[in-house]
Amino acid sequence: MAKNTLRKTFIEPLGKNNPVFVQILGICSTLAVTNKLQNTLVMTLGVMFTTALSSFTLSLIRNHIPSRIRMMVETMIIATFVIIVDIVLKAFYPEMWKQLGPYVGLIITNCIIMGRVEAFALQNKPMLSLVDGLASGLGYAYVLLAIAFVRELLGTGSLWGVRILGSWWTNWSIMIMPPGGFFVLAILIWVIRETIMKEAKHD
Amino acid sequence: MNAQPSFYKERLYPLVFMFIVTFLCILLTAGLYLLTQERASANELSFTRRAVLQAGGVPFENTTLGIEQAFNEKISVEEGYYTTQGPEGIRYIIPLQGPGLWGTIAIMVGMEEDLRTFSGLAIVSQNETPGLGARIEESWFTSQFSGKKAPFTMVEEGTASLDNEVDAITGATRTSEYFLNLTNRAADDAKLIIRGE
């Protein structure tokens, strides 16, 4: 039983309860940081770290939080973890920190994090909440990386900053601009909902 | 009668709870900030030094240590600008900033002794459109200024030939214009900063 719950908690955010293409959460950062694989990876690691640890921490103290100031406490703890990510990046990966600019700080407002805390961590045990947060972050990460893959390849002809396509390739500049994010995300959501999700519904 | 427990539970407890949480969070982040502060400001310094080296056309190894070594050996720091010994006399390196399309563009410009010929140029910070204006950071764009004489004119991407012509960026006309204004101001600014004219 316990093992089943754990499994379910981990699998669901990756598939049929994915934060990005099912719940359509965290879209702002999906559009903003997916024009380069490298930036996307660092950003998603930051989100995974924050969702996992803030879910864990808030679940630990869930029985002591007065319900009327619940959201203030949540925001405070989420913000703390995000600032930790920001400080660490600034000190150890300054180049990356410069490129991500304000987006690291904006992880605080990522709806996935607050959403998982409210919907899951406040009702469940710490370890389970940690797994849920981690899986939600992972579900967010792989979708973003898929989008970044398409955008970087079509927009700059490279992957991970290394030129892949030859000089015959004309860069689709629109792909690395914000509209490109909308196009790729919309197409991805549409394809997944029409194919994989549809089959799952019939089962 | 039961006002007492309610006062505690409804008013005091949330207040104290929030206070403790805030205190712990700030303690953690402030501590971490202080621990890494030295490193962060070293990074900042290294970025500036790298831009100075690039603008001055000084070869260097792109590591924190390499940058520091090259900077200490080759660059002398003056008030508001830097100098280095180039093959044709002193090179002046000055920081400049001006408006871009979305925000301020800050650059480092290196000039030969005549204060007209550019020895190099490096972008310190910019907020231009990714994929279009942000291409000012790409090395084909910044390196084309080396050896050319201000004031510049901008021509269509890929057609610059004369020694005062530089390639504009296709699809980023406004950024190119702002950048042109900024680099053309460099000579006057340099005279003002260095010679006080």
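Below, read A as the first sequence line, B as the second, and so on, with proteins coming before strands; counting in each chain starts at 1.
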Relative to chain B, which segment of A:Ile65 carries a heavy atom at a distance below 4.5 Å: side chain, backbone, both, or neither?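 Contact with chain B is through both the backbone and side chain of A:Ile65.
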At a heavy-atom separation under 4.5 Å, does A:Lys98 approach chain B through its side chain, its backbone, both, or neither?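 For A:Lys98, the side chain is the part near chain B, not the backbone.
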Heavy-atom side-chain contact between A:Glu74 and A:Met114 under 4.5 Å: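 A side-chain contact exists here, since the closest heavy-atom pair is under 4.5 Å.
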For residues B:Met18 and A:Val73, determine if any side-chain heavy atom of one lies less than 4.5 Å from a side-chain heavy atom of the other.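 Yes, at least one pair of side-chain atoms sits under 4.5 Å.
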Using a cut-off of under 4.5 Å on heavy-atom pairs, state which of [options] scores highest against chain A.
options	answer
B:Glu44, B:Glu38, B:Arg50	B:Arg50
B:Ile26, B:Asn43, B:Thr129, B:Leu24	B:Asn43
B:Ala42, B:Pro14, B:Ala40	B:Pro14

Only one of A:Leu60, A:Val131, A:Leu58, A:Ile61 passes side-chain contact (heavy atoms from CB on, under 4.5 Å) with A:Pro126; say which it is.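 Among the candidates, only A:Leu60 passes.
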Region of [X] that comes under 4.5 Å of a non-hydrogen atom in chain A:
X	answer
B:Thr29	both
B:Arg135	neither
B:Leu28	side chain

For chain B, which candidate among A:Ile83, A:Thr80, A:Thr156 shows the most heavy-atom pairs at distances under 4.5 Å?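 Top count of heavy-atom pairs under 4.5 Å with chain B: A:Thr80.
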Side-chain donor/acceptor of B:Thr175 to backbone N/O of B:Ala172, under 3.5 Å: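 The answer is no, because no donor-acceptor pair under 3.5 Å joins these two groups.
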Could I get the full list of ring-ring contact (aromatic ring centres under 6.0 Å, His included) partners for B:Phe152, not counting sequence neighbours?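 In terms of ring-ring contact (aromatic ring centres under 6.0 Å, His included), with neighbours along the sequence ignored, B:Phe152 is linked to B:Phe118, B:Phe145.
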Is the number of heavy atoms from other residues, nucleotides or ligands within 6.0 Å of CH2 (B:Trp102) greater than 12?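 Atom CH2 in B:Trp102 is not crowded, with 12 or fewer foreign heavy atoms closer than 6.0 Å.
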Take B:Glu112 and B:Lys149 through the salt bridge (Lys or Arg N to Asp or Glu O under 4.0 Å) test and state the conclusion after the steps. CA-CA 10 Å; B:Glu112 306 290 356; B:Lys149 281 184 171 37; over 6 Å; no
